[in-house]
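To start, the structure under review is shown below, and the notes come after it.
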Amino acid sequence: MRKEQISDKEAMFVLIIYYIGSSFILGVGGEAKNDAWISVILGVVMAVPVILIYARLLSLFPEKDLFDILDWAFGKWIGKLFALVYIWYSFHLGALVIRNFGEFTNTIAIPETPMIVPMLCIGIICTVAVTSGIEVIGRISAAVLPILIIIVSTVSLMAIPKMYFHFLKPILGNGFLPIIKGGFSVFSFPFAESVLLMGVFSSLKTNKSPYRVYLLGTVIAGLLILMITFRNITVLGSTYSKFYFPAHIAVSMVSLGDFLQRIELAVAVDFVFGVFIKTSICLLVTCKGIAKLLRLNDYRSIVIQVALLMVYFSYTLYDSIMEMAGWAFKVYAYYAFPFQVIFPIILFVTVEIKVRRGKKKLQTGVGTDG
Amino acid sequence: MIVLIIIGYSLLALFELIPFYHQKHWREFWVNAGFGFCSFTIAVLLSFDVNIPSPSEPIKNMVMFVIRKLV
Amino acid sequence: MKKFLLLTIFLFINVMILAGCWNYKEIEKLTIVAGVAIDKGENNPFRVTVEIVQISGGKETKATSKLLTMEGKTIFDAVRNAISLTGKKLYWSHTKLVIISKDIAENGILRVIDWYNRDAETRSDVYLLISKEKTAREILEGKGVTDEIKSFEIADTLKNEKSLSKAPTTELWKFINDLESPGISNVVPTVNISTSENISTPQVMGLAIFKKATLIGFLNGRESKSVLFVKDELKGGLILDGVQVNNSQPVSLEIFKSKTKMEPIVKANHNIEFNVNINTTVSLEEIPTSMNLTDEIKLKKLTSRTEEVIKKRVGDCIKKVQSKYGVDIFGFGENLRENNPRIWNQIGNNWDDKFKELKVNVKVKVKIKGSGIFSQSIKMGD
Amino acid sequence: MIRKKNILDQNKNNTVEEDHILVKSLEANIEMFKNLFRDDEMLIIRKFQNKYLPTAKCCLIYLAGMVNNDLLNENVIQPILQNNLSEEIQTNHLLEELQYKIIVSNNVEMVNRFDELVATVISGDTILLLEGNDNALMISSKGWPSRSIDEPESAKVVRGPREGFTESIVTNLTLIRRKINTPDLKLKFREIGERTHTKVCICYLEGLALEEILAELEKRLDAIKIDAILDSGYIQELIRDAPFSPYETVGYSERPDVIAGKLLEGRIAVVVDGSPFVLTVPFVLAESFQSDEDYYNNFIFASFNRLLRMVGVFVATGLPAVYLAIVTFHQEMLPTPLLISISSARQGVPFPSAFALFFMLLVFDIIREAATRMPTPIGQAVNIVGTLVLGQAIVEAKIVSAPVIIITAISGIMKLLSPTALGSVIVLRLFFLLLASVLGIYGYIFGMILATLHLMNVRSFGVPFMLGLSSVKNHNGQDIWIRSPWWSMTLRPKIIGARNLVRHSMKKTPGSKPK
């Protein structure tokens, strides 16, 4: 099989869609209320060091993905244990994203349709995408992202008459604590979730590109999320954090003249594409991990079954949307912290020590087993 | 419902498993069969409205426990 | 590829069998609700009247209105009871307004509007109105002048309110938003039935004052305009009843644009004053007397007279609200909270008391911009 | 399996054995031909002698209708009849004498193998047999009636050359060569079709066409084992990528200027004898939206037209699905007056909107199909029936609502904006409609994603099918969404024209600036 390769631009676009996918509609940093936009900035700033670690790891091992690095750093058995941990995380994250989409369709879009149906549809599309490979995912991202950005900015521009800028005030009215809390939640969702892309970006072209991709992608996505958060706050005011899907509500307020109104479906388009890309990445990483773990020839052989399992898993994940929201706001940030920060730091330290100790081993040592 | 699930999974088996069997990719065959069996079981259980325990509650408890310990 | 093809086909069949009646709704089967009126029921707490758009086919599109009343223990109960009358679920996405009767509003409207705001079928950007008549239903019983469907007509009125400015426009979500934010009380437009030539039509005029979610009083159309002046929501309309110069006949001035700046002045001891600076650009629209418009002195006189009138009216209105109702419908508190959160945190808790004694300095600046398409007033020949 | 093989074994035809050669006796040779063309009365055998040398008995064999009669009469029969042969040569060199000195024809060859002679006769040339010689002369005399070069019906232009390919491969290659006067234009012939022996010519510009693509094309052409090739459509389907896709991955055109343009971009053309449609590979999606007229018109106007075509395809595929989704799932999207008028139009219509849309789309395609196959007068009648009876009456009879007719008509007209994409549009439209009838607008979005994924996966001769569609700034995208002015298109598309990227070196905008 031909070596898969994606250009820096495509990788960056994948990363951006991965970031903005579900955060566009779920809203981020709700804890900080009308200061959520500061939380977004804070979240990006907090994410940068972690992201630099990911980029450093990737650039140390060109053409190796997360699981290879784990194997190399920790040896066979502990490496496999860590691999299992990340397989679980990507599987779980994929399920969460699918569930978000399911809840969205079930509460707002098509409430009478059983939730499993749109979830299964996303599963099928992701199966097709993952089977086609990261190249195709990259190309479709490159093609779609400009359209998404155009849609989002047009809608945001149209929202300007409905914006009340005094909703932003008082800045820092509630003190710093909520902002830091919000910043932390923005950090863990969506920015530090990019740890999973380490499982995919083995297909990058040069050594330098992980830095470029990660940093630029994070900054651009940060700006976009900032814009959306800004729009949501100025349109919705302090009730912003009360909605499950604030972007949807904010856009539903927008109208241009008498004719162009109720354009919230435009946001739904973004959401579907975002969820599709994000789930595809999660699915891809899960399958790659399992394939590495069980030493399969090609991850494609298990995609369908893993996708089905992911959909079923996400279906059983919560009983209600309240539970989902509670989980997303209260638990997720802490739950994801080890996967996003602690394990990568352990990995990073181990790798650095090993690399310092023997530069020569790097060439021969990588990927001897597996 | 259950009929549809069975048809679906037999189709899947037909298009996924049988080729592996013919190509003698035993590892793939068994892994796939294992996953397939799991998902089939869950699908059947879901179709009978059996409540499958969700991991989110234990995770929540665990996270809360750890946080309380730390703080 | 073939694999996916077959899988997709299978899923299609699957879905086709199951899909039958999910969200697929034929458009003509919808019972479109144009507006809702909520009253106290006789036996139940709530009586909900909906105006339904009845559409008849044929060569010409004809939409007529029909009223439907049902009672229930809660609003949602009443709404669902409608199924027993219509046989179909009501369709709420195109609803334009919610009218609430005085009785209900005086007991707090939160329990009325919560369903409306929460449910996914309804949209929270509907207009909220308070009926000045005995029941809210009466409003919908009136007859439309330009539109067969009264709710649509009232909605149009509210939309064009910006060139009349005798009532505010309050959307439901904004009401709830202001309800939640401290330092501002809500105002809601009122609607009454006006009878002319034996046709009773709904008329939107004046506003209702809310303390939290409870109705406590009304202001008339002229006072509403003053409120809008202060809240910087004035987009047009006349400076009504004319402004007189030298005891001549009144002159109509139309507001072109108006900008109000509110600034808190914090003095020692947490004494707070507010400056309200109103900047208005108007144009002369009706000059019944012969007046030389190029005469600068006269124009200046007119300007200063206008300024006085506005200042007096706004000042009176603020005084009245302060003394009679004691709730901050102008958003002084909100302004303070946004611009000076530190002070607000100290005194915000009993803002309503503070508001009653708040000193407000109104400054008005009027600029006359034009005089229609005539440069001269009409001069009668001898 | 076994039965199929038996049938294949039986399928041996009674052609001539390869090592059969002529004999010295004229009569015997003639007898052999007569025998082979037993029931073919088109075979003409004309015997004659030289005036001065009666022993020089000649015989011309050819197929009536396939040869140019004037040429045979004046340049072959007349010289042989009237020249004084007797004194000059001996009998055994007579044939060479005829070949070199007597016969006035541009291509005369001496052959003695029977199968070659038969092939010659069949292809429209003439053979000359001579008494006492076991060789024969093949005289080039092809001349059958053929269509003149005129403007193709299928691709009319307002601006641009008014010539189209004909059914003759020689004419077609001439037309191409007249556009590209360079020895770099290479033509490689081969015969495909076990019974038809159709001439197929691969046509490319050396130094421009990618060798990998050329090799791949030759491989695929060589792999074809089929009894007959009646049109280039056969080849098109036999060499294409993604055989199950609704999208065409091999391009075709009836216009020499289009083919020349494609050749100059580094593509390879396949000319098939008997077909006025010339194939080009590789073919990418963007080419469906290009028209040769784009390149002759003002570039702003051309870009506008091209965008129209793209929007047309997009709307044609999506409109019915989006309409259905909005009308039956997301009624809140409609402005209230529109909701009321659509609702009013649907009063009393018994069939669901989804069914009505499916039905009307099918009806539209049925009318289109019927009108294309019919002669023009009847076609017009079909159109009238289609518009009046189906359009008007069906609404009045309340079988479908008027908006459905409008949607069908818009979609139907939009899809005609780019005829090459017609097949895929029709298929995808129904696919999207099906999805939208189940999941509303989300179904449509899912369908779009699936279609895009499919397009991303497809390659045509190794070139990504979506080439250029996602870029607007570099030279790949210069000729995709818009048609850039010629002076700015200095480079060829990146992948297809990779061997020689520079198209021209004009850097400046034309015209002189006032100083």
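Nothing here was measured: the structure is a model prediction, and the numbers come from that model. We name chains A, B, ... by the order of the sequence lines, and we start the count at 1 in each one.
Identified by a heavy-atom distance below 4.5 Å to chain B, the contributing residues of residues 330-338 of chain A are A:K330, A:V331, A:Y334, A:Y335, in residue-number order. Taking 4.5 Å as the heavy-atom cut-off, the residues of residues 38-45 of chain B that approach chain A are B:C38, B:S39, B:I42, B:A43, ordered by number.
Of the atoms belonging to A:I290, it is side-chain heavy atoms, and not backbone ones, that fall under 4.5 Å from chain B. For chain A, no part of B:M62 is nearby; none of its heavy atoms comes within less than 4.5 Å. The parts of B:I52 that come within reach of chain A are both its backbone and its side chain, each placing non-hydrogen atoms under 4.5 angstrom from that chain.
B:N32 places no side-chain N or O within 3.5 Å of a backbone atom of A:Q305 that could act as its donor or acceptor partner.
Heavy atoms from other residues, nucleotides or ligands lying under 6.0 Å from CH2 of B:W30 number 12 at most. The environment of B:W26 atom CH2 is dense: over 12 non-hydrogen atoms of other residues, nucleotides or ligands sit within 6.0 angstrom.
Looking at every heavy atom in both residues, A:R295 comes nearest to B:R27 through O-CD, 3.1 Å.
For the options A:I302, A:D319, A:L317, heavy-atom pairs under 4.5 Å to chain B are most numerous at A:L317. Considering only heavy-atom pairs separated by less than 4.5 Å from chain A, the leading option among B:I67, B:V66, B:N51 is B:I67. With chain B as the partner, the residue from A:V306, A:I116, A:L96, A:N297 showing the most heavy-atom pairs under 4.5 Å is A:N297.
Residues that satisfy the side chain to side chain contact (heavy atoms under 4.5 Å, CB included) test with A:A291, not counting sequence neighbours, are A:L296, A:Y299.
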Applying side-chain contact (heavy atoms from CB on, under 4.5 Å), run through A:S301 and B:H25 and close with a yes or a no. CA-CA 10 Å; A:S301 57; B:H25 286 169; over 6 Å; no
Which donor-acceptor pairs under 3.5 Å do side chains of residues 176-185 of chain A form with protein atoms, sequence neighbours excluded?
{"unit_1": "A:S185", "atom_1": "OG", "unit_2": "A:E31", "atom_2": "OE1", "d": "3.3"}
{"unit_1": "A:S185", "atom_1": "OG", "unit_2": "A:G182", "atom_2": "O", "d": "3.0"}

